[in-house]
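Notes to accompany the following structure.
Only heavy atoms go into these numbers, but all of them, side chains included; no hydrogens, no water, no symmetry mates.
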Amino acid sequence: EGLLPRLGKTRQTGTCVNFLPDPEIFEKTRFSSTEVKSRLHETAYLNPNLTIHFMDLRGDTPEDITYHEPDGIVGYIKDLNHNSEAAFQYTNEFRENVLGFCNNIYNAEGGTHLTGFKTTFTTVMNTYAREIGILKEKDANFTGADIRNGMTAVVSIKHPEPRFEGQTKTKLDNQDA
């Protein structure tokens, strides 16, 4: 039978955990809700089919948050990158086509987000080329133009306070992008 009494039938599933720390066991019995919420959110990312309801009834205004991350760790990476996304593909053409967007606004002249993408992508590719022996110690690095030749890419970021050069928002100017 088990230790739990049978109370009746239900279609609901799940587990409810009430956490009340025992002062005889824990030095600290008041926990930061920020830390607990962070850990619960991480757990939701790592378990895409899991839904976690967090309730903090300690204050004057109860806090109730639901964590459910169907995209799993892919969503976690996007969140860690502050909603930055990039996708690229190589073609047989001899030009690069790299498009930048900030908060769904096309930045025709690029900006710091594209500069960061291009610089980082070039660095990663050169490091990898050295690791697998394509570039030897005495060889110069590939240039960014060499690496991006034939690349089509879209870089999209979400920024809470975007700063653009000019009124037409054609170039993003935030250094943290």
Side-chain angles (χ1 to χ4, degrees), residues 1-89 98-107 110-128 131 153-165 169 171-177:
E1 286 265 338
L3 298 175
L4 296 175
R6 181 172 274 187
L7 299 176
K9 292 184 178 186
T10 182
R11 292 181 187 264
Q12 293 181 335
T13 61
T15 303
C16 181
V17 176
N18 292 307
F19 181 66
L20 303 169
D22 185 338
E24 292 181 21
I25 297 172
F26 293 95
E27 287 181 24
K28 185 172 122 180
T29 59
R30 186 147 178 95
F31 292 89
S32 162
S33 66
T34 303
E35 291 175 22
V36 173
K37 290 185 292 188
S38 177
R39 179 66 183 117
L40 294 177
H41 202 177
E42 289 169 354
T43 302
Y45 279 122
L46 299 174
N47 300 276
N49 294 324
L50 181 67
T51 300
I52 300 172
H53 299 283
F54 169 81
M55 290 179 63
D56 187 351
L57 305 175
R58 295 177 297 178
D60 293 336
T61 306
E63 188 174 15
D64 188 354
I65 300 173
T66 300
Y67 297 105
H68 179 75
E69 298 295 343
D71 292 336
I73 59 174
V74 172
Y76 193 23
I77 296 296
K78 288 179 184 177
D79 191 36
L80 289 172
N81 289 330
H82 306 290
N83 293 320
S84 300
E85 294 184 63
F88 68 91
Q89 181 178 30
V98 181
L99 307 175
F101 295 83
C102 178
N103 297 349
N104 298 324
I105 298 169
Y106 173 58
N107 311 122
T112 51
H113 55 328
L114 292 188
T115 301
F117 170 76
K118 291 176 180 182
T119 301
T120 302
F121 191 81
T122 301
T123 301
V124 167
M125 293 301 283
N126 277 309
T127 300
Y128 183 65
E131 285 176 5
V154 174
V155 177
S156 174
I157 68 164
K158 306 290 186 222
H159 199 287
E161 296 179 28
R163 194 174 59 239
F164 299 97
E165 290 182 11
K169 300 183 179 181
K171 188 171 184 181
L172 184 67
D173 191 33
N174 293 74
Q175 293 304 311
D176 62 346

* To do: Could you grab the distance from atom OG1 of Thr66 to atom CE of Met55, nearest 0.5 Å is fine?
  => 10.0 Å
* Is any side-chain heavy atom of Val98 less than 4.5 Å from a side-chain heavy atom of Leu114? -> yes
* Asked: What heavy-atom pair brings Gly72 and Pro48 nearest, and what distance separates the two atoms?
  -> CA-CG, 3.8 Å
* Asked: Looking at residues at least two apart in the chain, or sitting in another chain, which of them share a ring pair (Phe, Tyr, Trp, His ring centres under 6.0 Å) with Phe164?
  -> none
* Please, which pairs that meet side-chain hydrogen bond (donor to acceptor under 3.5 Å, both in side chains) have at least one residue in residues 54-64, sequence neighbours excluded? -> Lys37-Glu63, Asp56-Arg58
* Heavy-atom donor-acceptor pair, Asp173 side chain to Gly111 backbone, under 3.5 Å -> no
* **Side-chain touch Asp176/His159, heavy atoms, less than 4.5 angstrom** => yes
* For the residue pair Asn174 and Leu172, what are the closest heavy atoms and their distance? -> OD1-CD1, 3.3 Å
* Asked: Is it true that atom OH of Tyr106 has more than 12 heavy atoms of other residues, nucleotides or ligands lying nearer than 6.0 Å?
  -> yes
* **From CD1 (Ile52) to OG1 (Thr15), nearest 0.5 Å** => 11.5 Å
* Asked: Does Thr123 use its side chain to pair, donor to acceptor, with the backbone of Thr119 at less than 3.5 Å?
  -> yes
* Measure the OG-CG distance between Ser156 and Asn104 for me, rounded to the nearest 0.5 Å. => 6.0 Å
* Over all heavy atoms of both residues, which pair between Lys118 and Thr122 is shortest? Give the atoms and the distance, please. => O-OG1, 2.8 Å
Can you give the donor-acceptor pairs under 3.5 Å from side chains of residues 18-25 to other protein atoms, not counting sequence neighbours?
unit_1	atom_1	unit_2	atom_2	d
Asp22	OD1	Glu24	N	2.8

* Counting only N and O atoms by type, is there a donor-acceptor contact under 3.5 Å from the side chain of His68 to the main-chain atoms of Leu50? -> yes
* Under a 4.5 Å cut-off applied to non-hydrogen side-chain atoms, are Lys158 and Asn103 in contact? -> yes
* Asked: Distance from Thr51 atom OG1 to Glu69 atom CD, nearest 0.5 Å?
  -> 10.0 Å
* Asked: What are the two closest heavy atoms between Asn107 and Cys102, and how far apart are they?
  -> OD1-N, 3.2 Å
* Answer with yes or no after comparing the ring centroid distance for Phe117 and His113 against a 6.0 Å cut-off, counting only values under it. => no
* Distance from Glu42 atom CD to Tyr67 atom OH, nearest 0.5 Å? -> 10.5 Å
